[in-house]
Amino acid sequence: MTIAPKLFCGIVFSCLLTATAETFRVRATVPLTLNDITDDAQATATMNDALLITLPADMTYVSGVELKFKIPEAVAAWRDTIAYSLYDNIRPRPSAQTVDYEGTRISVGTFPGKLSHIVFIPLAENTAPKHSPYQDIIAARPDTTDGSVFFRMQLAMKGAPESLENAVFAVTAKPVLLNKGTLRLLVTEPDGTHKPYAVMIDEKAVTPQGGMLLDTGEHHLSITSDEYRNEVRTFRIEQAKTTELTVAMRGIEPLLKIISPNDARIFLDDEPLANTQEPLTVTPGDHTVRFMIGDYEVVRTVSAANGRSYTVHLSVDAAVTEDDEAQ
């Protein structure tokens with residue numbers, strides 16, 4: 001009995017899909033090394049080769065790896081005849097000098113009848129891109145404990161022409177980044193003391209230890225405490241970058257800011273003050289601010305309460321008006 005090529009391809013593909021631990025041989029192990037998250041790597045391979053994709057050392061922002069294939073015309077004409085598989089538990093450790101392996105196949109697919117195709121390999125949870133007719137999204141997430149991914153190509157249908165064996169795929173590997181960045185928050189407290197406070201980002205309580213991974217865009221920070229003044233900040237997170245934010249906590253004692261002309265003499269509760277625009281810490285209760293410019297004197301009283309800030313501003317101005325002409 002003769003089996004039609006498409007039917008035979010389906011039988012072989014089913015066998016590949018249900019395979020678990022197995023031993024196999026490749027023609028060559030082709031290395032693709034990604035040194036950095038902004039890096040890509042290019043190589044050529046045939047249908048009997050394996051790709052050893054070495055991942056960046058820092059995987060904080062990596063959601064997966066994209067493999068972009070330029071498919072030879074001979075292969076595109078025989079769609080689904082060449083399969084690709086993803087493996088875990090590869091032994092021995094893959095290298096360019098090794099061709100015999102043992103491993104567990106965790107996913108399998110075939111190349112379509114197109115001249116280019118993308119395969120997305122997920123490396124982080126729940127980070128698959130949107131489905132597209134131009135790419136395959138592998139459902140399984142490989143174990144990357146050893147810092148690499150093992151991707152194998154092989155014939156999935158007997159009876160294919162010999163020209164397919166020497167057909168050369170051009171492949172480019174590149175990391176796909178999460179749409180996230182990191183916030184490093186430093187909270188300083190007066191005199192090195194430590195008193196309780198709560199931190200919220202976008203109205204959600206967080207623990208500011210180390211770096212916090214956040215979505216890109218604008219965020220709102222609030223720090224509340226019974227011992228310090230509440231602090232509010234707005235900051236932006238950029239993709240795959242670290243934003244550093246320092247917040248200096250301030251005591252709840254009232255703050256008084258005094259603004260006046262340079263030649264004014266200033267007295268706070270009858271004590272002379274230097275003419276400064278820096279806020280002063282005062283005790284709760286009533287305080288008297290007196291300004292003197294020559295013989296001109298202005299006195300104001302401030303009733304200060306904890307957690308509040310006040311400004312006393314003396315301005316000396318002259319107004320110019322136009323009088324009506326005498327009739």
Side-chain contact, heavy-atom cut-off 4.5 Å: [X] with [Y]?
| X | Y | answer |
| --- | --- | --- |
| V108 | S85 | yes |
| V30 | L51 | yes |
| L155 | M47 | yes |
| D49 | F169 | no |
| P175 | D39 | no |
| L67 | V65 | yes |
| P261 | L314 | yes |
| I266 | L268 | no |

Over all heavy atoms of both residues, which pair between [X] and [Y] is shortest? Give the atoms and the distance, please.
| X | Y | value |
| --- | --- | --- |
| M153 | A45 | CE-CB, 3.7 Å |
| E238 | T216 | C-CG2, 3.8 Å |
| A173 | L32 | CB-CD1, 4.2 Å |
| R229 | S309 | NH1-OG, 3.1 Å |
| P142 | P122 | CD-O, 3.3 Å |
| M200 | E203 | CE-O, 3.0 Å |

When rounded to the nearest 0.5 angstrom, what distance separates [atom1] in [X] from [atom2] in [Y]?
| X | Y | atom1 | atom2 | value |
| --- | --- | --- | --- | --- |
| I252 | E227 | CD1 | CD | 6.5 Å |
| T242 | L213 | OG1 | CG | 9.5 Å |
| S148 | I53 | OG | CD1 | 8.5 Å |
| L34 | D40 | CG | CG | 8.0 Å |
| K174 | Q42 | NZ | CD | 11.0 Å |
| E218 | T234 | CD | OG1 | 5.5 Å |

Main-chain N/O of [Y] paired with [X] side-chain donor or acceptor, under 3.5 Å:
| X | Y | answer |
| --- | --- | --- |
| D88 | D143 | yes |
| T81 | M157 | no |
| Q239 | L178 | yes |
| T29 | A50 | no |
| R300 | H287 | no |
| R184 | T246 | no |
| T207 | Q209 | no |

Same cluster for [X] and [Y] if Ile/Leu/Val/Met/Phe/Trp/Tyr side chains link at under 4.5 Å?
| X | Y | answer |
| --- | --- | --- |
| V312 | L273 | yes |
| V176 | F151 | no |
| Y296 | V289 | yes |
| L123 | I137 | no |
| F291 | V282 | yes |

Open item on the list: Please tell me whether T46 and N48 have a donor and an acceptor in their side chains that are separated by less than 3.5 angstrom.
Closed with: no
TODO: May I ask you to check whether T182 and Y61 show a side-chain donor-acceptor distance below 3.5 Å?
DONE: yes
Looking at [Y] and [X], is there a salt bridge between them, counting it only when a charged N and a carboxylate O are closer than 4.0 Å?
| X | Y | value |
| --- | --- | --- |
| R91 | E102 | yes |
| E22 | R105 | yes |
| K68 | E66 | no |

- [ ] Give the C-alpha distance, both sets of side-chain angles, the deciding distance and a yes or no for side chain to side chain contact (heavy atoms under 4.5 Å, CB included) between E244 and L186.
- [x] CA-CA 8 Å; E244 295 185 350; L186 175 62; over 6 Å; no
Open item on the list: Can you confirm whether K114 is buried at NZ, in the sense that more than 12 heavy atoms of other residues, nucleotides or ligands lie under 6.0 Å from that atom?
Closed with: yes
Open item on the list: side chain to side chain contact (heavy atoms under 4.5 Å, CB included), that's the test. Do N35 and T33 meet it? Break it down for me.
Closed with: CA-CA 6 Å; N35 295 306; T33 301; 3.4 Å; yes
Open item on the list: Go through it in stages, so that I can follow the logic: the residues are T23 and D100, the test is side chain to side chain contact (heavy atoms under 4.5 Å, CB included), and I'd like the CA-CA distance, side-chain angles, deciding distance and then a yes or no.
Closed with: CA-CA 7 Å; T23 58; D100 291 310; over 6 Å; no
Task: Worked check of salt bridge (charged side-chain N to carboxylate O under 4.0 Å, His left out) between E189 and K195 - done: CA-CA 8 Å; E189 301 177 63; K195 297 176 182 178; over 6 Å; no
- [ ] Just say parallel, tilted or perpendicular for the rings of Y87 and F150, cut-offs at 30° and 60°.
- [x] perpendicular
Task: For I223, the rest of its hydrophobic cluster, which grows through side-chain links under 4.5 angstrom - done: L183, L185, V187, Y197, V199, I201, V206, M212, L214, L221, Y228, F235, I237, L245, V247, M249
TODO: In sequence, state the C-alpha distance, the side-chain angles, and the governing distance for F120 and I138, and then conclude on side chain to side chain contact (heavy atoms under 4.5 Å, CB included).
DONE: CA-CA 6 Å; F120 176 81; I138 293 179; over 6 Å; no
